[in-house]
Number of protein chains: 2
Amino acid sequence: MERPELGYLLTRLLRTAMAREEPILANAGLRMWDYAVLSALTENAAPTQAQLAAATGRDKTRLIGNLDQLERLGLVTREPDPADRRNRVVSLTAEGRRILERCRADIREMEDDLLRDVPPGDREAFERVLTRLVDPLD
Amino acid sequence: MERPELGYLLTRLLRTAMAREEPILANAGLRMWDYAVLSALTENAAPTQAQLAAATGRDKTRLIGNLDQLERLGLVTREPDPADRRNRVVSLTAEGRRILERCRADIREMEDDLLRDVPPGDREAFERVLTRLVDPLD
DNA sequence: TATTGTTATACTCTATAACTATA
DNA sequence: TATAGTTATAGAGTATAACAATA
């Protein structure tokens with residue numbers, strides 16, 4: 001039998017992972033993109049919305065709706081940058097960080113379950129390859 | 001640094017893979033879904049469109065547009081099943097198979113290039129895990 | 001004039017529910 | 001009546017371009 005294609009395998013696996021992730025996020029009142037945006041803010045606040053859009057691979061115009069809701073939920077703040085008042089600095093609130101960490105823990109648990117039958121060595125190689133293939137694209 | 005999440009990595013990698021795959025398919029006059037449908041027909045013709053829809057993870061109503069175009073391009077045929085004339089058997093034409101094989105070869109080449117810096121052992125483990133995680137979902 | 005964020009518009013994709021033809 | 005395929009409709013998601021505020 002021929003080896004299945006990467007695109008096929010990745011599509012299928014991502015579909016599964018997302019199906020398992022969705023209820024976790026919904027439980028926190030979030031959709032997939034909301035979570036991606038929160039995640040991008042973990043380390044540092046985003047100096048501009050355009051940069052945040054680029055970091056998440058989202059269009060800058062579509063990011064706006066997400067930020068509107070996240071702000072409404074009290075999970076992020078948008079504050080004008082005093083140095084250049086065209087920019088709006090987006091940051092996590094304490095509540096935003098709390099929600100984010102909770103989702104993270106639940107998702108990690110889900111992933112461990114998804115990978116439970118994979119031998120540790122294979123899992124390490126798997127994650128190593130994934131990381132390596134993704135990193136250079138930044 | 002914390003390990004990045006599966007969903008994040010898969011999304012990024014799939015995005016890259018698709019970006020590289022799109023021009024190959026466009027070169028053959030196909031879109032992503034057309035290719036997925038053709039691929040599903042490699043081994044056998046699909047006895048019903050509903051089964052083909054299920055096999056490709058596509059909605060049966062959305063499959064129709066794809067089949068319309070693939071038929072227009074002369075890549076597949078839809079023939080009423082004599083045993084039950086409600087069913088329409090979908091098969092590859094010779095031309096369909098030719099186009100499919102050409103795309104396949106190009107895509108395999110693209111994948112080899114994408115994975116060129118991955119050590120062979122890691123690559124094998126990577127594909128083994130992907131396959132294993134996807135298979136049980138059938 | 002150029003840039004950031006926003007809004008508006010049209011376009012595509014998707015989901016649901018009718019419709020037809022066969023059974 | 002039930003099912004396979006089709007069509008129609010509305011909704012969500014997306015891309016593009018215009019707009020307002022600031023530089």
Side-chain angles (χ1 to χ4, degrees), chain A residues 7 11-12 14-16 18-19 21-23 25-26 29-37 40-41 44-72 75-91, chain B residues 7 11-12 14-16 18-19 21-23 25-26 29-37 40-41 44-72 75-91:
Chain A
T11 303
R12 294 282 304 260
L14 182 58
R15 207 180 282 166
T16 312
M18 278 176 52
E21 207 162 314
E22 243 153 24
L25 297 179
L30 301 178
R31 318 266 307 256
M32 210 60 75
W33 275 111
D34 301 317
Y35 180 67
V37 171
L41 296 171
N44 314 295
T48 72
Q49 291 185 190
Q51 274 181 248
L52 182 56
T56 52
R58 194 153 181 66
D59 190 274
K60 74 166 178 159
T61 64
R62 290 182 289 136
L63 175 65
I64 293 172
N66 292 116
L67 293 178
D68 287 345
Q69 196 195 342
L70 291 172
E71 213 175 18
R72 218 178 298 124
L75 307 185
V76 305
T77 56
R78 274 192 281 201
E79 291 168 14
D81 176 358
D84 182 342
R85 308 230 325 285
R86 289 175 304 184
N87 299 338
R88 305 186 71 180
V89 180
V90 184
S91 327
Chain B
T11 303
R12 294 283 303 261
L14 181 59
R15 207 179 283 167
T16 312
M18 279 177 52
E21 206 163 316
E22 243 154 24
L25 298 178
L30 302 178
R31 317 264 311 254
M32 209 61 73
W33 273 112
D34 301 317
Y35 179 67
V37 171
L41 296 171
N44 313 295
T48 72
Q49 294 185 189
Q51 273 180 248
L52 182 56
T56 51
R58 194 152 182 65
D59 191 273
K60 74 166 177 158
T61 65
R62 289 183 288 138
L63 175 65
I64 293 172
N66 292 116
L67 292 178
D68 288 345
Q69 195 196 341
L70 291 173
E71 211 175 20
R72 220 178 296 125
L75 307 184
V76 305
T77 56
R78 277 191 279 202
E79 290 169 14
D81 175 357
D84 182 343
R85 309 232 323 285
R86 291 175 302 184
N87 299 337
R88 306 185 70 178
V89 180
V90 185
S91 327

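FYI, side chains are in, hydrogens and waters are out, and symmetry mates aren't considered; it's all heavy atoms of this structure. Since this is a predicted model, take the numbers as computed values, not measurements. So you know, we letter chains A, B, ... as the sequences are listed, proteins then strands, and number each from 1.
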- Does R88(A) have a side-chain nitrogen or oxygen under 4.0 Å from the phosphate oxygens OP1 or OP2 of dT6(C)? yes

- Protein-nucleotide distance (R78(A), atom CZ; dG5(C), atom P), rounded to Å: 10 Å

- Task: Can you tell me the distance, in whole Å, between the CG atom of L52(B) and the P atom of dT6(D)?
- Result: 11 Å

- Whole-Å gap separating P (dA21(D)) and CZ (R86(A)): 15 Å

- Which whole-number value in Å describes the distance from D59(B) CG to dG5(D) P? 13 Å

- Task: Output yes when at least one side-chain N/O atom of R58(B) is less than 4.0 Å from OP1 or OP2 of dA15(C), else no.
- Result: no

- Between dG5(C) (P) and L63(A) (CG): distance, integer Å: 9 Å

- Message: Nearest to the Q49(B) side chain among dA23(D), dT6(D), dT14(D), which nucleotide is it?
- Response: dT6(D)

- Residue T61(A), side-chain heavy atoms: nucleotide from dT16(D), dA23(D), dT6(D) that is nearest: dT16(D)

- Task: For residues N87(B) and P47(B), report the shortest heavy-atom separation together with the two atoms involved.
- Result: CB-O, 4.0 Å

- Which nucleotide in the list dT14(D), dT4(C), dT6(D) gets nearest to the side chain of I64(B)? dT6(D)

- Message: On the side chain of R62(A), is there an atom forming a donor-acceptor pair with the base of dT14(D) - under 3.5 Å, no angle test?
- Response: no

- Task: Would you mind telling me which residue lines up with the more 5' stretch of DNA chain D, R85(A) or K60(A), judged by nearest nucleotide?
- Result: K60(A)

- Note on the structure: M32(B) atom CE is separated from dT12(C) atom P, nearest whole Å, by 17 Å

- Could you work out which one of dA4(D), dA2(C), dT14(D) sits closest to the side chain of N87(B)? dA4(D)

- Using whole Å, report how far CG of N66(A) lies from P of dG5(C). 15 Å

- Item | Neighbour count >12 (heavy atoms, 6.0 Å) for atom CZ, R31(B) | no

- When you look at R72(A) and D68(A), which way does the side-chain contact (heavy atoms from CB on, under 4.5 Å) test go after all the steps? CA-CA 6 Å; R72(A) 218 178 298 124; D68(A) 287 345; 3.8 Å; yes

- Task: With rounding to the nearest 0.5 Å, note down the distance linking CG in L67(A) to NZ in K60(A).
- Result: 13.0 Å

- Task: Write down the distance between CG (D34(A)) and P (dA12(D)), rounded to a whole number of angstrom.
- Result: 15 Å

- Message: Strictly below 4.0 Å: does Q51(A) bring a side-chain N or O up to OP1 or OP2 of dT4(C)?
- Response: no

- Message: If I compare all heavy atoms of A53(B) with all of L63(B), which pair ends up nearest, and what's the gap?
- Response: N-CD2, 3.7 Å

